[in-house]
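A short worksheet on the structure shown next.
Only heavy atoms go into these numbers, but all of them, side chains included; no hydrogens, no water, no symmetry mates. Quick note on labels: first sequence line is chain A, next is B, and so on, each numbered from 1. Keep in mind that what you see is a predicted model, and the values were worked out from it rather than measured.
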Amino acid sequence: MTELLKISLPDGSVREMPQGSTPADVAAQIGPGLAKAALAARVDGELRDITRPFEGDAELALVTSKDVDEALELARHDYAHVLAEAVQNLFPGTQITFGPATDDGFYYDFAPPADRGAFTEEDLPAIEQEMRRIIAADTPLEREVWTRQQLIQWFKDHGESFKAEWAAELPEGEELTIYRQGDWLDMCRGPHLASTGKLDPQAFKLTRVSGAYWRGDQKNAMLSRIYGTGWLNKKQLNEHLHRMEEAAKRDHRKLGREMDLFHLQEEAHGSVFWHPQGYKIWRGLESYMRRKMDGAGYREIKTPQVMDARQWERSGHWGKYRENMFVIPDEVPNTEDEGELVSKDADWMALKPMNCPAHVLVFKQGITSYRELPIRLGEMGCCHRNEPHGALHGLMRVRQFTQDDAHIFCTEAQVVEEVRAFCKLADSVYKDFGFTYAIKLALRPEQRLGSDADWDRAEQELRDAVRDAGMMNDEYGWEELPGEGAFYAPKLEWHLTDAIGRTWQVGTIQGDRVLPERLDASYIGEDGEKHRPVMLHRAIFGSYERFIGILIEHFAGKLPLWLAPTQAVVATIVSDADDYANDALAKLRAAGIRAEADLRNEKINYKVREHSLAKVPHLLVVGKREAEEGTVAVRTLGEKEQRVMSLDEAIAMLREGATPPDLLADLRD
RNA sequence: GCUGCUGUAGCUCAGUGGUAGAGCGCACCCUUGGUAAGGGUGAGGCCGGGAGUUCAAUCCUCCCCAGCAGCACCA
């Protein structure tokens with residue numbers, strides 16, 4: 001007797017299907033259009049191959065290209081397999097490892113044959129061509145369940161030592177599957193599209209090659225990774241390539257040069273030379289942050305750039321962080337031509353990589369009563385970290401940077417409220433810049449100090465604070481990240497989303513009970529006894545360098561008026577207007593506007609073009625007519641229309657527009 | 001730090017085994033022009049640093065430095 005399977009569809013209908021039938025069969029039964037469009041199936045909520053037979057009664061939803069997220073994920077995973085087969089066809093002896101889908105495509109990590117090095121970009125066109133051939137062959141992708149022994153044997157027989165190693169280590173009890181396309185196969189959980197021909201040969205592009213460590217660990221072998229971007233059709237691919245071009249136009253390194261904001265050079269690689277224009281942005285941010293922190297009960301301090309190594313030993317940095325520190329011999333260097341620069345038994349000092357130990361030392365001066373807590377010590381702290389050279393990247397990753405740092409010393413009972421207040425403060429800052437963001441909780445890492453009970457409490461405090469702030473929800477992108485915390489404490493992280501959807505981690509707060517202990521910080525409690533304060537490390541911009549880099553890219557260089565280095569340029573049409581332009585400039589500057597005058601012997605077209613490209617927010621054009629009438633023709637960046645108004649009106653408009661957002665809020669209150 | 005690529009004028013980039021070119025920018029001259037490039041002339045380069053091969057190296061080889069794309073690490 002053959003029992004029929006009951007397959008429920010999203011519209012509520014139920015179809016009876018014979019044993020062994022597949023989602024594809026259901027699609028075919030419904031109609032030829034759907035049969036063609038269906039790419040995969042959601043069976044009881046699980047994404048599956050459309051050709052995989054039902055195992056019993058099931059709820060079925062067919063996935064088509066209209067289900068963009070699922071369809072893209074499937075297609076990209078297929079592209080990865082096609083890439084892997086193409087590479088093995090062209091370069092026999094290459095081993096396969098892993099090849100997942102990514103946010104905009106896919107990659108595959110290979111171990112190239114011993115007789116050739118890593119793949120290079122020159123290899124990509126040939127690989128793309130082979131991939132197109134494989135797609136055109138329209139080979140079915142077939143799922144098979146194998147035993148662990150079968151897998152290990154097969155990979156060993158085919159010289160695939162990485163895959164064999166992986167197969168041997170997969171957890172017990174998991175169903176092990178391979179996906180086959182013709183003669184080629186890879187161990188893979190799936191699911192996949194029904195055949196290689198479901199891919200659009202014009203909708204992918206191999207983009208770059210790079211190294212990547214086997215299993216993500218730098219102790220392991222370096223593999224050769226090939227990246228591609230993959231889509232459902234050519235239009236999507238072109239749109240993506242266009243977005244990439246737009247992102248490149250926003251690159252802060254390019255804009256920084258074009259707008260004359262800063263430069264970097266070999267002799268101080270990883271440290272920024274701020275030019276006058278760039279430093280105006282910095283100063284604007286710094287003033288803003290001072291007002292915010294002053295208003296939130298922080299007191300600003302300034303602590304030494306260099307401290308004795310013994311101090312760093314006490315704080316634990318010498319032991320845990322030394323490889324990232326710049327050290328300085330505490331002696332007069334040898335001035336002779338011969339001999340070593342520094343004697344063998346030199347005492348050492350170090351540039352500070354963090355501000356926290358110095359802040360504890362400030363806290364420890366005198367005797368602190370519980371009545372004084374919380375004490376919030378802020379510092380625009382300039383830190384040096386000897387970062388791995390490969391990590392350096394424009395303003396985003398540098399070796400000298402300044403943090404909007406602060407440490408809050410408080411009692412156990414005050415922790416949750418202080419963290420809650422910080423959540424609110426950070427929120428107001430990010431909103432002032434128009435950022436949306438996500439709050440994430442980085443939980444205990446595998447290697448950590450302290451008992452599990454301590455970690456339970458520390459993590460729960462941060463959760464409680466975010467909940468109290470009303471931010472533990474999707475609106476604030478709440479998410480917990482297992483294993484990502486610092487070795488001494490869990491941390492809350494603020495991830496900004498910029499104008500083109502990229503995310504940047506900037507702000508953070510973390511509760512620390514280790515450093516107060518190590519440096520013996522204490523306060524006198526109500527009971528007259530000494531107690532340990534909790535120390536909260538926190539920052540909102542993170543670093544000025546990185547935050548400015550993010551702002552440049554977020555605004556594509558068109559910074560809001562209050563931050564724009566030059567807020568207005570008075571540009572003359574004829575030299576007869578020079579005197580008037582200079583008067584206007586003086587008035588603008590007297591009103592606190594960062595203005596310049598352009599009296600050059602150039603046509604107005606030229607001046608408009610140049611200042612527009614320089615992203616000057618307002619151009620005040622003056623010719624004979626304006627000089628006679630006491631007006632200016634205002635051309636605002638991004639607008640084609642000009643507005644003629646009196647100079648006084650223009651100054652009033654600029655003053656209002658140039659008010660920092662926190663001061664605007666004060667006006668409204 | 002690891003893999004791959006790159007390094008030529010202030011910027012963007014051509015180029016060749018016989019010591020260099022463009023556009024923009026810059027300087028000077030002409031032009032006083034009404035909202036995204038007016039015209040002319042000119043200056044400007046130890047071809048990233050060091051070693052090697054060669055009669056000869058910016059070009060080929062090796063080492064170093066820096067940058068770029070990733071990896072790993074991270075504000």
Side-chain angles (χ1 to χ4, degrees), chain A residues 102 107 109 112 117-124 207-227 251 253-254 257-258 260 263-270 321 323-324 353-355 381 383 385-405 484 486 491 493-494 504-508 537 539-547 549-550 571-578 599-614 619-626 633-637 639-642 644:
Chain A
T102 64
Y107 65 79
D109 288 346
F119 298 112
T120 71
E121 300 201 358
E122 287 172 13
D123 298 321
L124 299 183
T207 50
R208 53 182 179 257
V209 294
S210 84
Y213 298 106
W214 167 236
R215 301 171 80 165
D217 188 333
Q218 61 176 323
K219 289 190 205 75
N220 291 340
M222 174 65 73
L223 303 171
S224 183
R225 175 173 296 180
I226 298 177
Y227 282 94
D251 191 310
R253 293 165 300 186
K254 177 173 138 74
R257 204 165 32 239
E258 289 172 1
D260 195 18
H263 86 271
L264 298 154
Q265 66 181 60
E266 284 193 30
E267 290 76 6
H269 69 109
Y321 207 72
E323 65 175 9
N324 286 304
M354 299 181 192
N355 305 300
C383 296
R385 294 185 189 170
N386 200 345
E387 299 285 355
H389 290 194
L392 301 177
H393 179 89
L395 297 178
M396 301 306 193
R397 192 76 180 276
V398 290
R399 304 208 297 178
Q400 175 191 312
F401 58 95
T402 301
Q403 298 177 309
D404 60 321
D405 203 7
E484 306 242 326
K491 58 182 181 182
E493 300 174 344
W494 276 258
W504 303 94
Q505 201 229 295
V506 287
T508 179
H537 305 243
I540 297 177
F541 290 157
S543 86
Y544 281 87
E545 284 81 357
R546 178 180 287 183
F547 198 72
I550 295 168
T572 52
I573 296 172
V574 290
S575 53
D576 286 350
D578 285 1
L599 309 183
R600 289 177 304 170
N601 177 14
E602 295 291 351
K603 290 198 166 187
I604 193 60
N605 288 324
Y606 183 89
K607 295 184 183 181
V608 165
R609 174 180 155 83
E610 188 165 278
H611 297 299
S612 298
L613 289 173
L619 201 54
L620 311 188
V621 177
V622 296
K624 268 189 201 147
R625 200 186 313 145
E626 287 76 13
V634 180
R635 184 186 166 114
T636 298
L637 188 61
E639 293 174 20
K640 286 195 182 132
E641 295 297 308
Q642 50 192 309
V644 178

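In terms of modelled atom types and a separation under 3.5 Å, the side chain of A:Asp109 and the main chain of A:Ser224 share no donor-acceptor contact.
For the C1' atom pair drawn from B:G4 and B:G18, the interatomic distance equals 33 Å after rounding to whole Å. Taking the P atoms as reference points, B:C30 lies 46 Å from B:G17, given to the whole Å. Between the P atoms of B:C29 and B:G15, the separation comes to 37 Å (whole Å). Going from the C1' atom of B:A57 to that of B:G50 covers 14 Å, rounded to whole Å. With P as the reference atom, B:A22 and B:C73 are 49 Å apart, rounded to whole Å. With C1' as the reference atom, B:G7 and B:G40 are 35 Å apart, rounded to whole Å. Annotation: B:A43 and B:G1 have their P atoms spaced 43 Å apart (nearest Å). Nucleotides B:A69 and B:C63 place their P atoms 24 Å apart, quoted to the nearest Å.
A:Tyr606 comes within 4.0 angstrom of sugar-phosphate atoms only, judged by non-hydrogen atoms across all strands, and of no base. Counting non-hydrogen atoms under 4.0 angstrom, A:Arg257 reaches the backbone sugars and phosphates but no base. Using a 4.0 Å heavy-atom cutoff across all strands shown, A:Glu484 reaches no nucleic acid atom at all. Nucleic acid contact class of A:Ser612 (heavy atoms, under 4.0 Å, all strands): base. Counting non-hydrogen atoms under 4.0 angstrom, A:Leu392 reaches the backbone sugars and phosphates but no base. Across all strands, A:Lys491 comes closer than 4.0 Å only to sugar-phosphate atoms, never to a base (heavy-atom distances). Note on A:Tyr227: only backbone sugar-phosphate atoms sit closer than 4.0 angstrom, heavy atoms only; bases stay farther off. Within 4.0 Å of A:Ile573, counting heavy atoms only, lies at least one base atom of the nucleic acid. When heavy atoms are screened at a 4.0 angstrom cut-off, A:Lys607 is found touching no nucleic acid atom at all. Heavy atoms of A:Arg225 sit under 4.0 angstrom from primed sugar atoms or phosphate atoms, though from no base atom. Residue A:Glu387 is in base contact, counting any heavy-atom pair closer than 4.0 Å across all strands shown. Backbone-only contact: A:Gly216 has heavy atoms under 4.0 Å from sugar-phosphate atoms and none from a base. Among the protein residues, A:His393 comes within range of the sugar-phosphate backbone only, with heavy atoms under 4.0 Å from sugar or phosphate atoms but none that close to a base. Heavy atoms of A:Arg208 sit under 4.0 angstrom from primed sugar atoms or phosphate atoms, though from no base atom.
Side-chain atoms of A:Val621 lie closest to B:G34 of the nucleotides B:G70, B:G4, B:G34. Checking B:C74, B:A36, B:C73 against every side-chain atom of A:Ala391, the shortest atom distance belongs to B:C73. Among the nucleotides B:U32, B:C73, B:G34, the one closest to any side-chain atom of A:Ser575 is B:U32. Here B:G4 is the nucleotide among B:C74, B:G4, B:G70 with the atom lying nearest to any side-chain atom of A:Thr120. Each of B:A75, B:U3, B:U35 was ranked by its minimum atom distance to the side chain of A:Met222; first place goes to B:U3. Counting only heavy atoms from C-beta on, A:Arg625 has its side chain closest to B:G34 among B:G34, B:G4, B:A69.
Side-chain N/O atoms of A:Tyr213 and base N/O atoms of B:G1 include a donor-acceptor pair closer than 3.5 Å. One cannot find a donor-acceptor pair under 3.5 Å joining the base of B:A75 and the side-chain atoms of A:Glu493. Interface remark: the A:Glu626 side chain does form a donor-acceptor pair with the B:G34 base, using a distance-only criterion of under 3.5 Å. Under 3.5 Å, the side chain of A:Arg399 and the base of B:A75 form no donor-acceptor pair of N or O atoms. Residue side chain A:Arg609 reaches the base of B:A37 through a donor-acceptor N/O pair under 3.5 Å, judged by distance alone.
Under a cut-off of 6.0 angstrom, the local environment of CD in A:Glu122 is sparse, with at most 12 non-hydrogen atoms contributed by other residues, nucleotides or ligands.
From A:Arg399, atom CZ reaches atom CD of A:Glu545 across 13.5 Å, with rounding to the nearest 0.5 Å.
Contact check, A:His611 against B:A36: no side-chain N or O comes under 4.0 Å of OP1 or OP2. Side-chain N/O atoms of A:Arg253 include one lying less than 4.0 angstrom from OP1 or OP2 on B:A69.
The separation between A:Glu258 atom CD and B:U12 atom P is 9 Å, rounded to whole Å. When the P atom of B:A72 is taken as reference, atom CH2 of A:Trp214 falls 14 Å away, rounded to whole Å. If you take CD of A:Glu266 and P of B:C68, they are 12 Å apart, rounded to a whole angstrom. At whole-Å resolution of the value, CG in A:Asn386 and P in B:A75 are 16 Å apart. Distance CG (A:Leu264) to P (B:G67): 8 Å, rounded to an integer number of Å. Note: NE2 (A:His269) to C1' (B:G48) measures 14 Å, nearest angstrom. A:Leu620 places its CG atom 13 Å from the C1' atom of B:U35, with the value rounded to the nearest Å. Protein atom CG of A:Asn605 is 8 Å distant from nucleotide atom C1' of B:A37, rounded to whole Å.
Along RNA chain B, the nucleotide nearest A:Val506 and the nucleotide nearest A:Val634 are compared for position; the residue whose nucleotide lies closer to the 5' end is A:Val634. Residues A:Gln218 and A:Val398 both approach RNA chain B. Their nearest nucleotides, taken by heavy-atom distance, put A:Gln218 toward the 5′ side.
Of the listed residues (A:Phe547, A:Trp494, A:Phe401), just one forms a ring pair (Phe, Tyr, Trp, His ring centres under 6.0 Å) with A:Phe541, and that residue is A:Phe547.
Between A:His537 and A:Thr508 the shortest side-chain heavy-atom distance does not fall below 4.5 Å. A:Glu639 places none of its side-chain heavy atoms less than 4.5 Å from the side chain of A:Glu641. Taking 4.5 Å as the limit, every side-chain heavy atom of A:Leu395 sits out of range of all side-chain heavy atoms of A:Arg253. When side chains are defined from C-beta on, A:Arg225 does not count as touching A:Arg208, because their heavy atoms never get closer than 4.5 Å.
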Evaluate the criterion side chain to side chain contact (heavy atoms under 4.5 Å, CB included) for residue pair A:Leu599 and A:Ser575; output intermediate values, then yes/no.
CA-CA 7 Å; A:Leu599 309 183; A:Ser575 53; over 6 Å; no
